[in-house]
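To keep things clear, I will list the structure first and then write my remarks on it.
Numbers here simply count residues along the sequence, with the first being 1.
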Amino acid sequence: MAHIRRPRPYVIAFFCCLILIACRVFGVFTTTASDSVPQDRIVVVAYVFDGDTIETSDGERVRLLGIDAPEIAHHEVQGEFFGEESTAWLRQRIGDQSVTLKFGLEPTDRYGRTLAWVFDSEGRLINEELLQTGNAVLLDRFGLPPEFDSLLRAAQTEAKTEKRGLWQ
């Protein structure tokens with residue numbers, strides 16, 4: 001029986017690199033920007049759960065990015081200060097209306113909610129308005145996109161300075 005010689009590690013590595021290069025050339029591993037981040041989408045707000053979570057007419061739960069609104073009482077969790085007011089403000093502002101969702105880098109959170117920046121029909125950023133009116137606080141521990149960073153920080157600073165909403 002003939003003895004089969006085992007290939008050397010550098011030969012195996014060389015052929016693996018060739019295979020990966022060939023896959024790249026022929027488009028096996030390509031992704032486009034539209035594959036990684038969903039396109040903006042217009043939806044109708046069917047329900048406002050609290051100051052930072054809505055449900056669309058399709059039944060999709062959406063968590064507004066960059067903000068944290070006080071919790072309202074639910075299940076056996078006690079409500080937080082200004083939670084009811086924050087929820088009422090958001091219901092009045094966008095309830096039963098069409099809004100545009102602009103998605104961040106992460107499509108969903110650990111609860112399965114879609115993560116998005118929310119714009120009204122005239123292009124105003126609702127996330128910013130929640131900060132500006134004192135109905136939410138800035139949530140920047142996950143990072144903020146450069147196009148919204150200074151805008152959101154200024155909105156919260158204004159609410160604090162003017163003692164609006166939960167900053168009273």
Side-chain angles (χ1 to χ4, degrees), residues 29-168:
F29 297 130
T30 60
T31 60
T32 63
S34 63
D35 291 338
S36 58
V37 178
Q39 297 296 315
D40 296 356
R41 190 164 23 118
I42 297 174
V43 299
V44 175
V45 177
Y47 187 74
V48 174
F49 285 99
D50 59 24
D52 56 27
T53 307
I54 61 174
E55 184 171 88
T56 69
S57 57
D58 298 339
E60 176 182 28
R61 284 194 184 195
V62 179
R63 171 71 164 77
L64 281 71
L65 283 166
I67 63 167
D68 188 24
E71 296 296 320
I72 59 169
H74 61 283
H75 304 291
E76 295 189 20
V77 177
Q78 189 174 8
E80 296 176 342
F81 170 72
F82 218 76
E84 292 295 332
E85 292 87 345
S86 177
T87 304
W89 183 91
L90 190 58
R91 274 190 188 125
Q92 185 275 326
R93 180 66 179 84
I94 61 171
D96 297 320
Q97 294 181 29
S98 291
V99 296
T100 300
L101 304 179
K102 179 181 172 87
F103 303 97
L105 296 177
E106 293 293 322
T108 58
D109 67 6
R110 63 183 173 173
Y111 303 110
R113 297 177 296 188
T114 299
L115 299 172
W117 302 97
V118 178
F119 294 85
D120 70 7
S121 60
E122 296 184 15
R124 290 184 294 248
L125 179 59
I126 301 302
N127 313 53
E128 175 196 11
E129 287 186 18
L130 280 156
L131 292 169
Q132 201 169 40
T133 56
N135 284 292
V137 296
L138 186 65
L139 181 61
D140 61 355
R141 72 174 176 245
F142 305 111
L144 296 169
E147 67 265 30
F148 299 137
D149 190 294
S150 61
L151 185 73
L152 297 174
R153 290 183 194 286
Q156 178 168 280
T157 300
E158 181 183 324
K160 279 182 174 179
T161 303
E162 299 293 324
K163 297 186 181 350
R164 294 183 191 139
L166 55 85
W167 301 109
Q168 298 176 30

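Side-chain N or O atoms of N127 include none that pairs as donor or acceptor with a backbone N or O of W117 at under 3.5 Å. In this structure, the side chain of D120 engages the main chain of G123 through a donor-acceptor pair within 3.5 Å.
Side-chain contact between V137 and W167 is present, with at least one heavy-atom pair separated by less than 4.5 Å. Counting only heavy atoms from C-beta outward, the side chains of V118 and L101 approach each other to under 4.5 Å. Side-chain contact check for I67 versus L152: every heavy-atom pair is 4.5 Å or farther apart. In this structure, the side chains of E60 and V62 come closer than 4.5 Å at one or more pairs of heavy atoms.
Scanning both residues, L90 and D50, for their nearest heavy atoms gives CD2-O, 3.5 Å. The shortest heavy-atom contact between S98 and I42 is CB-CG2, 4.2 Å. T87 approaches F49 most closely through the heavy-atom pair CG2-O, 3.9 Å. Taking each heavy atom of Q156 and L138 in turn, the nearest pair found is OE1-N, 2.5 Å. Closest approach of G134 to A159, counting heavy atoms only: N-CB, 3.9 Å. The shortest non-hydrogen separation linking L166 to A136 is CD2-N, 4.0 Å.
A side chain to side chain donor-acceptor pair (under 3.5 Å) with T53 is found for one member of R113, R63, R61 and no other, namely R113.
The neighbour count for E147 CD, taken as heavy atoms of other residues, nucleotides or ligands under 6.0 Å away, is above 12. Heavy-atom contacts from other residues, nucleotides or ligands closer than 6.0 Å to CD of Q97 number more than 12.
For the atom pair CD (E129) and CH2 (W89), the distance works out to 4.5 Å, reported to the nearest 0.5 Å. Note: Q132 CD to I126 CD1 = 11.0 Å, rounded to the nearest 0.5 Å. Between the OG1 atom in T108 and the CD atom in E106 there is a gap of 7.5 Å [rounded to 0.5 Å]. Atom CG of residue L64 and atom CG of residue D52 lie 7.0 Å apart, to the nearest 0.5 angstrom.
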Trace of the side chain to side chain contact (heavy atoms under 4.5 Å, CB included) decision for L65 with F103:
CA-CA 9 Å; L65 283 166; F103 303 97; over 6 Å; no

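Residues in residues 159-168 take part in these salt bridge (Lys or Arg N to Asp or Glu O under 4.0 Å) pairs, two or more places apart or across chains: E158-R164.
Judged by a 6.0 Å distance limit and a 45° cone about the ring axis, R91 is positioned over the six-membered ring of Y47.
For T133, the side chain to side chain donor-acceptor pair (under 3.5 Å) criterion is met by N135, not counting sequence neighbours.
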